[in-house]
2 protein chains.
Amino acid sequence: MLNQIETLKPRMRKSERKVADCVLAQPDTVISDSIAALAARAQVSEPTVIRFCRALGCDGYQDFKLRLAQSLASGVRFVHSVVAPDDAPRQVVAKVFDSAVASLLRTRAQLDTAAIERAIDLLASARKIEFYGHGASGIVALDAQHKFFRLAVPTVAYIDAHVHSMSAAILEPGDVVVAISHSGRSKDLIASVQVARAAGAAVVAIAAAGSPLAELAHATISPAVDEDTSTYIPMSSRIVDLVIVDVLAIGVALRRGPDLVRRLEKTKTTLMEKHLS
Amino acid sequence: MLNQIETLKPRMRKSERKVADCVLAQPDTVISDSIAALAARAQVSEPTVIRFCRALGCDGYQDFKLRLAQSLASGVRFVHSVVAPDDAPRQVVAKVFDSAVASLLRTRAQLDTAAIERAIDLLASARKIEFYGHGASGIVALDAQHKFFRLAVPTVAYIDAHVHSMSAAILEPGDVVVAISHSGRSKDLIASVQVARAAGAAVVAIAAAGSPLAELAHATISPAVDEDTSTYIPMSSRIVDLVIVDVLAIGVALRRGPDLVRRLEKTKTTLMEKHLS
DNA sequence: ACTTTTTTTGTAGTTGTACTACATTTCTGC
DNA sequence: GCAGAAATGTAGTACAACTACAAAAAAAGT
């Protein structure tokens with residue numbers, strides 16, 4: 001939220017910017033202020049404050065205050081959440097954790113529950129599940145495989161374009177492909193998904209909304225991540241993807257019912273032997 | 001906040017309890033409701049709603065809404081955050097995300113900054129970095145490798161006990177092993193770490209505090225995760241591990257300075273070619 | 001350089017919301 | 001069953017949020 005204000009500030013008019021400065025200077029104070037109080041502090045008129053709220057995409061002042069309060073509560077305080085070269089380790093920790101938390105909360109707020117439900121339906125009744133992804137999304141695919149195979153579903157993960165294109169060709173109706181690509185624009189992935197669809201398989205995408213991959217899928221789940229494609233490495237994105245996979249896995253697990261729980265217990269005890277007491 | 005309402009509910013009067021039920025049932029809706037709307041839904045009069053707010057120690061309805069909004073944003077919203085078999089998809093989403101966020105915030109609060117700094121020191125000056133982990137932690141190891149190799153450091157990840165025990169034997173002083181095990185009790189991993197230490201390599205552990213693995217390492221970073229070893233699959237644990245790896249990677253990147261940033265830009269443009277416009 | 005048009009900002013007024021004082025109802029103890 | 005106390009609702013008030021409009025400032029055109 002504070003980031004958003006910072007971002008939109010240059011596009012604002014002079015007097016609205018005064019309001020923005022006031023909010024950024026002492027966000028905590030603002031959430032208990034009335035319009036009049038904030039207007040006085042920013043030395044502008046009351047409607048200007050309202051216009052400022054509207055410029056941020058809020059319904060009005062109340063809505064603005066609510067959103068601000070929420071964003072402050074999550075501890076995500078840094079206006080520039082991008083790490084700077086001269087940050088102390090303590091700050092780096094805070095910023096990285098905060099940006100992960102912020103991405104998660106944002107995604108939770110705007111996640112398409114209907115799509116989740118559709119995806120769970122498909123996965124729960126799948127004969128076989130294949131996860132495709134490259135690079136960072138490849139890790140997510142591996143993680144998903146690791147989670148789903150415990151649910152006693154035949155599952156594989158492919159992170160190689162040639163391999164998944166071949167595998168996609170021999171899919172059959174009843175099989176499900178989960179295609180993971182943060183941008184949703186990976187050429188190789190899209191090609192394999194098209195092959196999979198032609199073979200009659202269902203497709204679940206974890207990809208940016210409106211992307212080519214999203215359009216191709218029977219159910220698309222889109223993580224909400226910052227636009228600032230950071231100079232460093234995509235990070236929060238994978239975290240969100242992983243949690244989405246968690247949701248799907250648990251959703252499927254719940255469908256499978258109690259006998260699955262028993263089976264999970266069994267894998268757990270087997271694992272114990274690999275550990276020290 | 002919701003917990004507080006739950007706690008205070010028995011001490012409330014009958015009609016105030018109706019309001020409490022309404023708030024607990026759909027907290028999200030309430031934050032955008034007016035007094036009149038909430039009163040109508042709870043089938044009580046408007047002053048009753050205000051009395052309800054006062055009973056919770058709030059100044060009034062606005063204050064109540066603000067606090068509620070904050071507590072909802074900060075994560076752990078469900079009184080029992082463990083997923084139940086009869087949860088609706090919407091609830092599953094909320095609970096899974098919430099538990100991830102809660103784990104992250106908890107870890108951020110109690111992370112050992114000194115250990116982080118020591119780990120970054122070791123990694124930044126490493127000649128070669130090897131990541132070891134099994135199962136879910138194996139995914140974390142792969143992810144770490146994927147992140148660190150972009151920092152132009154010779155890096156590998158091993159998720160096989162035989163392989164990493166062999167590799168550990170041929171390490172030299174100046175090399176760094178990052179051992180990832182959530183419990184910190186994996187026999188195979190501990191064995192390889194001992195071999196690595198004998199060979200003169202430095203060891204960074206991402207493991208539970210006080211565990212055997214933690215004792216063996218030069219720097220140990222411990223995630224804070226729920227004790228409730230869920231019936232289902234370990235989930236939040238990996239998320240926290242991944243974010244810790246993010247912190248380490250960024251810490252190292254910052255040490256490396258601006259020439260690294262240029263190199264990262266290069267990998268980015270190369271990747272573009274694999275994508276659709 | 002002056003006028004016209006557009007944009008930006010403030011003023012005054014309206015609506016609706018939160019809150020208060022008081023009346024009515026409901027419960028409890030004698 | 002009645003008196004007192006507690007709880008709930010009704011009616012009214014004050015104030016906050018928002019709107020319509022007008023004045024001022026800036027931008028564009030002549």
Side-chain angles (χ1 to χ4, degrees), chain A residues 1 4-72, chain B residues 1 4-72:
Chain A
M1 187 78 200
Q4 203 188 333
I5 296 174
E6 188 77 26
T7 313
L8 267 58
K9 210 173 83 177
R11 312 202 86 78
M12 287 180 182
R13 330 172 225 261
K14 208 182 332 159
S15 57
E16 281 175 25
R17 234 172 294 160
K18 283 191 210 165
V19 182
D21 287 331
C22 260
V23 175
L24 290 170
Q26 359 183 330
D28 304 89
T29 322
V30 173
I31 57 171
S32 50
D33 272 355
S34 69
I35 286 191
L38 180 57
R41 196 134 47 78
Q43 300 191 315
V44 296
S45 69
E46 296 173 20
T48 304
V49 175
I50 296 179
R51 279 189 277 263
F52 162 79
C53 299
R54 297 267 157 83
L56 260 66
C58 299
D59 274 354
Y61 184 65
Q62 289 296 350
D63 187 44
F64 162 74
K65 260 177 34 173
L66 238 41
R67 289 182 197 221
L68 181 65
Q70 295 209 351
S71 82
L72 289 181
Chain B
M1 188 79 199
Q4 199 189 335
I5 296 174
E6 189 80 27
T7 314
L8 267 58
K9 209 174 82 178
R11 311 204 85 80
M12 288 180 182
R13 336 187 234 233
K14 197 165 5 132
S15 56
E16 282 174 24
R17 232 171 297 158
K18 283 192 212 168
V19 182
D21 287 331
C22 259
V23 175
L24 289 171
Q26 359 183 328
D28 306 88
T29 323
V30 173
I31 56 169
S32 50
D33 271 355
S34 68
I35 286 191
L38 180 56
R41 197 135 45 79
Q43 299 192 316
V44 296
S45 68
E46 295 172 23
T48 304
V49 175
I50 296 178
R51 280 188 277 263
F52 162 81
C53 298
R54 298 265 155 83
L56 260 66
C58 300
D59 275 353
Y61 184 66
Q62 289 295 350
D63 187 45
F64 162 74
K65 263 182 23 176
L66 237 43
R67 289 182 197 221
L68 181 65
Q70 295 209 347
S71 85
L72 289 182

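The shown structure was predicted, so the numbers you read here are calculated from the model rather than taken from an experiment. Scope of the values below: all heavy atoms of this structure, side chains included, with no hydrogens, waters or symmetry mates. A, B, ... follow the sequence lines: proteins, then strands. Residue 1 opens every chain.
- Taking for each of A/Ser45 and B/Ile35 the nucleotide of DNA chain C with the nearest heavy atom, the 5'-most of the two is the partner of A/Ser45.
- Between A/Arg51 and A/Ala36, the one whose closest nucleotide on DNA chain D sits nearer the 5' end is A/Ala36.
- Contact check for B/Gln70 versus B/Arg67: no side-chain heavy atoms found under the 4.5 Å cut-off.
- Few gaps surround CD on A/Gln4; more than 12 heavy atoms of other groups in view lie less than 6.0 Å from it.
- OP1 and OP2 of C/dT9 both lie 4.0 Å or more from every side-chain N or O belonging to A/Arg17.
- When distances run from any side-chain atom of A/Arg54 to the nucleotides C/dA18, D/dT19, D/dG9, the shortest one goes to D/dT19.
- The distance from atom CG of B/Leu66 to atom P of C/dT17 is 18 Å, rounded to the nearest whole Å.
- Counting heavy atoms from C-beta on, the side chains of A/Asp33 and A/Lys65 never come closer than 4.5 Å.
- A heavy-atom distance below 4.5 Å is found between the side chains of B/Thr29 and B/Arg41.
- Using a 4.5 Å cut-off on side-chain heavy atoms (C-beta onward), A/Arg51 and A/Thr48 make contact.
- Rounded to whole Å, the distance from OH on A/Tyr61 to C1' on D/dA16 is 10 Å.
- Closest non-hydrogen pair, A/Ala55 versus A/Met12, comes out as CB-CE, 4.5 Å.
- Looking at heavy atoms from C-beta onward, B/Val49 lies out of side-chain contact with B/Phe64 at the 4.5 angstrom threshold.
- For B/Lys18 and D/dA7, the NZ to C1' distance is 12 Å, given to the nearest whole Å.
- Between its opening and closing five pairs, the helix from C/dA1-D/dT30 to C/dC30-D/dG1 changes axis direction by 20°, a value rounded to 10 degrees.
- Distances shorter than 4.0 Å separate some side-chain N or O of B/Ser15 from OP1 or OP2 on D/dT8.
- One atom, NZ of A/Lys14, and another, P of C/dG10, lie 10 Å apart when rounded to the nearest Å.
- Using a 4.0 Å heavy-atom distance criterion, A/Gln62 is classed as a sugar-phosphate-only contact.
- Between A/Ile50 atom CD1 and D/dC18 atom P the separation is 5 Å, expressed in whole Å.
- Rounded to a whole Å, the CE atom of A/Met12 is 17 Å from the C1' atom of C/dT7.
- Atom CG of B/Asp59 and atom P of D/dA16 are 14 Å apart (whole Å).
- The interatomic distance linking B/Glu46 (CD) with D/dG12 (P) rounds to 14 Å, in whole Å.
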